[in-house]
4 protein chains.
Amino acid sequence: MMGEETPKARKPRADQLRNRERLLEAAREVFRGEGGSLEEVARRAELGIGTLYRHFPTREALFQAVYAREVEVLERRAAEDGLKDWMQAVLQMMATKKGMVAALAPVFEPESSFFSDQSLRIRAAVAALHARAVEEGAVRPDVTSDDLMRVLMALGYGPGADPARADLLLEVFLDGLRPR
Amino acid sequence: MMGEETPKARKPRADQLRNRERLLEAAREVFRGEGGSLEEVARRAELGIGTLYRHFPTREALFQAVYAREVEVLERRAAEDGLKDWMQAVLQMMATKKGMVAALAPVFEPESSFFSDQSLRIRAAVAALHARAVEEGAVRPDVTSDDLMRVLMALGYGPGADPARADLLLEVFLDGLRPR
Amino acid sequence: MMGEETPKARKPRADQLRNRERLLEAAREVFRGEGGSLEEVARRAELGIGTLYRHFPTREALFQAVYAREVEVLERRAAEDGLKDWMQAVLQMMATKKGMVAALAPVFEPESSFFSDQSLRIRAAVAALHARAVEEGAVRPDVTSDDLMRVLMALGYGPGADPARADLLLEVFLDGLRPR
Amino acid sequence: MMGEETPKARKPRADQLRNRERLLEAAREVFRGEGGSLEEVARRAELGIGTLYRHFPTREALFQAVYAREVEVLERRAAEDGLKDWMQAVLQMMATKKGMVAALAPVFEPESSFFSDQSLRIRAAVAALHARAVEEGAVRPDVTSDDLMRVLMALGYGPGADPARADLLLEVFLDGLRPR
DNA sequence: CATGAATGAGGTTTCATTCAT
DNA sequence: CATGAATGAAACCTCATTCAT
């Protein structure tokens, strides 16, 4: 398979990391478009399917690896920003790095327990943000931190989501969030 | 297969329509629950797979037909209800008739041009609702009618959407929607 | 796939039974030789893999179907013959109809509960044979009816089994079986 | 991988043998339990798969090597024991060291010519045992030494074989073996 | 018209084997 | 020599679609 593209050249061992990157990059591209077979990921990375499986023994594992990094960034920013800034930043990232979006979706589906690690971490981060905002009176107390995530996911990812409108709708929502 | 149920009677005409209905109903049920093969649809409709294909020559065709149905209901209600009532009703329907949700998603994806007919009709309906609401001062004029659809999709369908929270979040949005 | 062999000819519906037979025959041949993929069975039957799966939705189902018939024959004869005659007959069948042999193996593996139906039936038949033989004083009472089956399996199927020797060894066993 | 266990030492020679042993031991364990990939063998031996292949260039080669080992033991005992003791011992070994059983099976399949070396040796050993037993009048002369092997294989390995019953059935057989 | 058997492409996964390091 | 990453053939299974009856 590879042989057809580089008849003689044999990939050296040190390329392992490189291959991993290739697979992740390919996976990012493929997962973007709803669906996508692992075979396609391998093909796009110009690697054998076996290689993919060596690096990521299950579909889930690949998924997680693709998105782990994105989630980390979000988590970090949650610690630094205020609620509004953070939400705006998230929308921004969603607009530009489409990969992250797909990443977050499963995180907030309670069923998917295998994402628990990342899920827990980011939820904790958002919970802190939320708590601060409630204290400051910027958020009605009957709206939970999970609600905030939901809205974010929806605005950035839901069907019909449009980055160009997301900011405005976020503002609308934040306006509505203030306790009456 | 069907022959066993209607041993003698060779119904001529109305059965056609009946079958179409059965198929649509079955498709709705099957598409609801994440996936489902056409074979399963046919089985549930107690019809042969061949019959399904006579009525709907591709999977897409069946999808569209199912979706047309739901959209009509929404359209009708849009003419009767006020904005808030309508939105609540839509959320309600989303919560109970999961099929509709899946149906609507493509409507707001601009790429899917084959849905254009229904898409245009419901958009027109919502536009009317929106116009009234803006006139009444219930909606900031910089929020478009498509934005309203987005919000609905988001609350009812987006990742992590939870019917139990949707009503509250809709209220928050509507609060935020009022011109300052 | 079939098309390549019979470019125009389309198999008529009535061939369904024929196909079933073809699959069973192919399975018998393939299963004979330790292992064998379902794909190979389909290939040998000159049918698509999908067809195989339509007829036998699981590997187990195919297995059972292949051997159900053989077991029936054994069962019938058990009712008619005496112990020695029956055992000789079984060895005879094992020697000629290799399929049956493979059939019986799982029957006497206690783990495979899915064969329980056939397993139970034939065991019952042998138990009756055994009971009669014990009464007649032809079989030591500490040898069970399952033991008898074991011996048969061993002589007819075990590694190195040789039909040409089986009769003699059976005789040896029967001699040994007499209560001292 | 191994490097981590032996950080500095570059053992020159004896390690080779050691590795071979480790691989054989691991293979024995793995082959025991129905299947098992070569990768698993290597892992269990705490060696690289490449190393495995250096020692045993094909799966078959490994199999044979494992088998040779077991057969040697049997051969040695055949020289020391009497027939009954030896047969009991074999059954004993079969019950505890399942690996050996799988190993022996091919020996008595006349098709597998590659096992000929070991096959010949053990056959010779059994032939000697058999000859002695015939002389002593313990074995009907029309029963061959291969027959003895067959029975043994079958009782210990055939379908439905049960170590708990094997001893009794062996006794039955030996009883039957006595010339009338 | 209705039926459902047949098809095979395509997805997932495993594993023996090769080869650069 | 030892290593293990890479490979891809091959197994398993599902499902949209076609077509003879």
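Below, chain A is the first sequence line, B the second, and so on; all start at residue 1.
A heavy-atom distance below 4.5 Å is found between the side chains of A/R20 and A/F56.
Partner of C/V30 under the side chain to side chain contact (heavy atoms under 4.5 Å, CB included) criterion, chosen from C/V41, C/L62, C/V66: C/V41.
Listed candidates were F/dA2, F/dA6, E/dA6. Nearest to the side chain of D/N19 is F/dA2. Across E/dT13, F/dA6, F/dC12, the shortest atom-to-atom separation from the side chain of A/Q16 is found for F/dA6. Out of F/dC13, F/dA2, E/dA6, the shortest distance to the side chain of C/E39 is found at F/dC13. Of the candidates F/dA2, E/dA2, F/dA6, the closest approach to any side-chain atom of D/R54 belongs to F/dA2.
With a 3.5 Å ceiling on both atom-pair distances, the Watson-Crick or G-U wobble partner of E/dA16 is F/dT7. Pair assignment for E/dA2: F/dT21, on the basis of Watson-Crick or G-U wobble contacts that are both within less than 3.5 Å.
Distance CZ (A/F63) to C1' (E/dT12): 15 Å, rounded to an integer number of Å.
Remark: B/S37 is not in phosphate contact with F/dT14, judged by side-chain N or O atoms under 4.0 Å from OP1 or OP2. Listed pair C/R59 / F/dC12 meets the phosphate criterion, a side-chain N or O lying under 4.0 Å from OP1 or OP2.
Nearer the 5' end of DNA chain F, as judged by each residue's closest nucleotide, is the contact made by A/G50, out of A/G50 and C/E40. Place C/H55 and A/L38 on DNA chain E by their nearest nucleotides, and C/H55 ends up nearer the 5' end.
Among the atoms of the strands shown, only primed sugar atoms or phosphate atoms (P, OP1, OP2) are found under 4.0 Å from some heavy atom of B/T58. In this structure, D/I49 reaches the bases: a heavy-atom distance under 4.0 Å links it to at least one base atom across the strands shown.
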Pair D/E39-D/R43, salt bridge (charged side-chain N to carboxylate O under 4.0 Å, His left out): steps then yes or no: CA-CA 6 Å; D/E39 203 102 19; D/R43 212 178 312 126; 5.9 Å; no

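We find that D/R28 and D/E25 are joined by a salt bridge, their nearest charged nitrogen and carboxylate oxygen being less than 4.0 Å apart.
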